[in-house]
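Quick note on labels: first sequence line is chain A, next is B, and so on, each numbered from 1.
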There are 2 protein chains.
Amino acid sequence: MKNKVAVVGAGMIDFGVLYDKSPDMMIEEAYINALQSVDNGIEPQEIQAAWVGTLRGRFTGVTLAHPTGLFKIPVSRVENACATGNDAFRHACFAIAAGVYDTAIVIGYEKMHDVKGGLIRLAAIKDIWMRRARTMPSFFALRGTRHMHLYGSTKEDFALVSVKNRHNGSLYPHAHFRKEVTLEQVMNARIISWPLGLLDCCPVTDGAAAVIICKAEHAKKYTDTPVYVAGSGLSVDSWMLGEDESLVGFPASKLASRQAYKMAGLEPKDIDVGEIHDCFSVTEILNYEDLGFCEKGQGHKLIREGVTTLEGEKPMNPSGGLISKGHPIGATGVAQIAEIYEQLRGTAGKIQVPSAEVGITHNIGVARDNTGSVSCVHILTR
Amino acid sequence: MKNKVAVVGAGMIDFGVLYDKSPDMMIEEAYINALQSVDNGIEPQEIQAAWVGTLRGRFTGVTLAHPTGLFKIPVSRVENACATGNDAFRHACFAIAAGVYDTAIVIGYEKMHDVKGGLIRLAAIKDIWMRRARTMPSFFALRGTRHMHLYGSTKEDFALVSVKNRHNGSLYPHAHFRKEVTLEQVMNARIISWPLGLLDCCPVTDGAAAVIICKAEHAKKYTDTPVYVAGSGLSVDSWMLGEDESLVGFPASKLASRQAYKMAGLEPKDIDVGEIHDCFSVTEILNYEDLGFCEKGQGHKLIREGVTTLEGEKPMNPSGGLISKGHPIGATGVAQIAEIYEQLRGTAGKIQVPSAEVGITHNIGVARDNTGSVSCVHILTR
């Protein structure tokens, strides 16, 4: 599938607590923004197939057809926990690479507030987890304390991720949180599940994002600066297998990224910029290790040394990541694709990473009462 | 994608009210049956990717990984209302046709009884529909009365579908209902929504089904009699568009089937056997028209003339269809693929259609508070 699919348009809405926007309004706005982003223009009729990524939104492809008017074409829903957005994109790429469609759109969205099916259902899930004494923050916090114990990372290392990402988010118009925070603020924030305080956690956010893809041969019709899908990977895993003795990091992330690197013929050192899944500050540090940017147990050194800041050698989450943008689940991965698309075209504005040529997107999701995980990774190139 | 993908194995569980089986047990059993069905054998390690189709089951690909042990590979969930099973299969075919994987499995399942997420949630949906005075039976019944008004079909025509399908189901070991019914019984059954009586409606059923696919070049490694995926189509539609003045039938079924016929280079007359979506008796008659087996308004003549019986010229639902088997949503389409696979190999036992060479599978789903529909169709060939 390497380089058979190109991204030629991307649109987002400003993420936030959107009591004033229905799911339909969010989808419609992302859709229109994506259409309008195509440099040489695109007509809705050119879109031959569509995918919607949503965890808990309305079901079926009709979800997408109503607000966009994309009727009379194939529209499917893909869901894969927190990896939903990247996986919806992956499936659209399969269909294009298989030669079935020339041009397609992927829209991810999630309404986390305000609607039946939003917070109400999340609360219901929480009940299940609570019975096992595991909320999402405590689940990731346990991996943090284990990392601290084994490798000598500190609460301050984790906090530095939040400081970095909140700084980046302050520069990014679509982010939910657009104010910087200091290290002191993060360190002193109310503890949610030690070592994670309130400012180590991504917020609860509504959002939508859309990307337009086409077969690579057609890309130049839409833009002089398309971005190609060089690699794609997905894996599930379970720590019930007992193979990962460290209980740090996520084998699924390793497996998914290795698939993507292999397809792309690239290595972790080739990555210039990434949008990776920082649902909690510690998660980003685990990602550095799982995605191969450093050895296991060394992730905190990258943040200490500033390697992953906007000005660093390998900027991660220039958009501010989930910690600044929020994590509207189905939208998250699609937004990452949209952001790396802008980075590789050089149109990322204040968060632009200079001369980025290879970008990575990454989601990690925890599922099935926290006994399993799923990760989806894409590698995009100019 | 034509003929790039082959089906080489298929397994089902006996559909029914399965209070004694958890979703995991259902998935595991379908998985093992599919593995064991492969003529020349297959090792689990040969399966490189997996898809799970479920409407309201547990979310994420991890759903499938736990009961099957299919960890460390990509597992995705596809959902598309009542078309979920066929659409999950469609996505697996895309990935194989794109050359990303050699061999994959698709498992569809639905637990409609007994569990949180089963009937409880369906009841919740019903509430939404009830506010619009539309339950599923009444929705399809309205199309029945309209067909009667416009084209002169009768309640007896619809009843003949149930008589046919319950006869077929009596011969099929996996069916939920395995007893024949008489025309008199169907006609006199308690009315659910006129003209549909209890025996015009598919039952509420638990079930799971699995199919193993591979790239066509590898098919003969697994079996001497593979079945090829000649055509695939999916479409959404909405009658809010007001384009279908008859208000009979489903434009989505027409569009999806035309895509599949076009890909396959085949026509409706080429179809030897079909497993098509008879959620209610009248739906099967509408399908005859939408799938192009007859002109619009002529569907009831096919059932009157016996064209679609097991001994007829164009047998439809030799398995007994949803009316006999039940409709465990995510499983339904995957089971159809499994059944057509057996038909085209000549291994369908008592329900075998003689020398069938081309088969069709079809789902139609109603979604978004009954304002939209989605259909997925596959054409399989020897």
Side-chain angles (χ1 to χ4, degrees), chain A residues 1 4 49-50 55-56 58-66 69-84 87 90-91 93-100 116 124 128 232-238 240-241 251-252 255-256 259 263 365-369 371-374 376, chain B residues 1 4 49-50 55-56 58-66 69-84 87 90-91 93-100 116 124 128 232-238 240-241 251-252 255-256 259 263 365-369 371-374 376:
Chain A
M1 193 167 82
K4 284 191 183 168
L55 179 71
R56 300 193 158 269
R58 274 169 183 280
F59 57 88
T60 88
V62 181
T63 300
L64 191 62
H66 264 276
L70 289 171
F71 289 109
K72 303 191 181 297
I73 62 167
V75 189
S76 295
R77 173 190 171 205
V78 171
E79 180 279 313
N80 222 336
C82 291
T84 293
D87 199 12
R90 172 174 167 264
H91 279 85
C93 291
F94 286 155
I96 298 277
V100 182
K116 192 174 163 182
I128 299 171
S232 176
L234 184 127
S235 187
V236 297
D237 199 75
S238 172
M240 289 174 78
L241 302 177
L255 292 162
Q259 290 170 22
M263 185 187 287
V366 175
R368 179 86 183 206
D369 305 349
T371 60
S373 63
V374 56
C376 191
Chain B
M1 192 167 85
K4 285 191 182 168
L55 180 70
R56 301 194 158 266
R58 274 169 184 279
F59 56 90
T60 89
V62 181
T63 301
L64 191 63
H66 265 275
L70 290 171
F71 289 108
K72 303 188 180 303
I73 63 166
V75 189
S76 295
R77 174 192 171 203
V78 171
E79 179 278 311
N80 223 337
C82 292
T84 293
D87 199 12
R90 171 175 168 264
H91 279 85
C93 291
F94 285 156
I96 298 276
V100 182
K116 191 174 163 182
I128 299 171
S232 175
L234 184 126
S235 187
V236 297
D237 199 74
S238 171
M240 289 174 77
L241 302 177
L255 291 162
Q259 290 170 23
M263 185 187 289
V366 175
R368 180 87 182 206
D369 306 348
T371 60
S373 63
V374 55
C376 192

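Only the side chain of B/Leu255 comes within contact range of chain A, with heavy atoms under 4.5 Å apart. No part of B/Ala252 comes within reach of chain A, as not one of its non-hydrogen atoms sits under 4.5 angstrom from that chain. Contact of B/Leu70 with chain A is made through the backbone alone, with heavy-atom distances under 4.5 Å. At a 4.5 Å heavy-atom cutoff, B/Thr84 makes no contact with chain A through either its backbone or its side chain.
A/Val236 and B/Gly61 get closest at one heavy-atom pair: CG1-C, 4.1 Å. Annotation for B/Phe94 and A/Ala98: closest pair O-CB, 3.6 Å, computed over non-hydrogen atoms.
Separating the CG atom in B/Asp87 from the NE2 atom in A/His91 is a distance of 9.5 Å, to the nearest 0.5 Å.
Looking only at side-chain heavy atoms (C-beta outward), A/Asp237 and B/Lys72 come within less than 4.5 Å of each other. With a 4.5 Å cut-off on side-chain heavy atoms, B/Met263 and A/Val100 count as touching.
The choice from A/Ser76, A/Ala65, A/Gly233 that makes the most heavy-atom pairs within less than 4.5 Å of chain B is A/Ser76.
Looking only at distances, a side-chain donor or acceptor of A/Asn80 sits under 3.5 Å from a matching main-chain atom of B/Val75.
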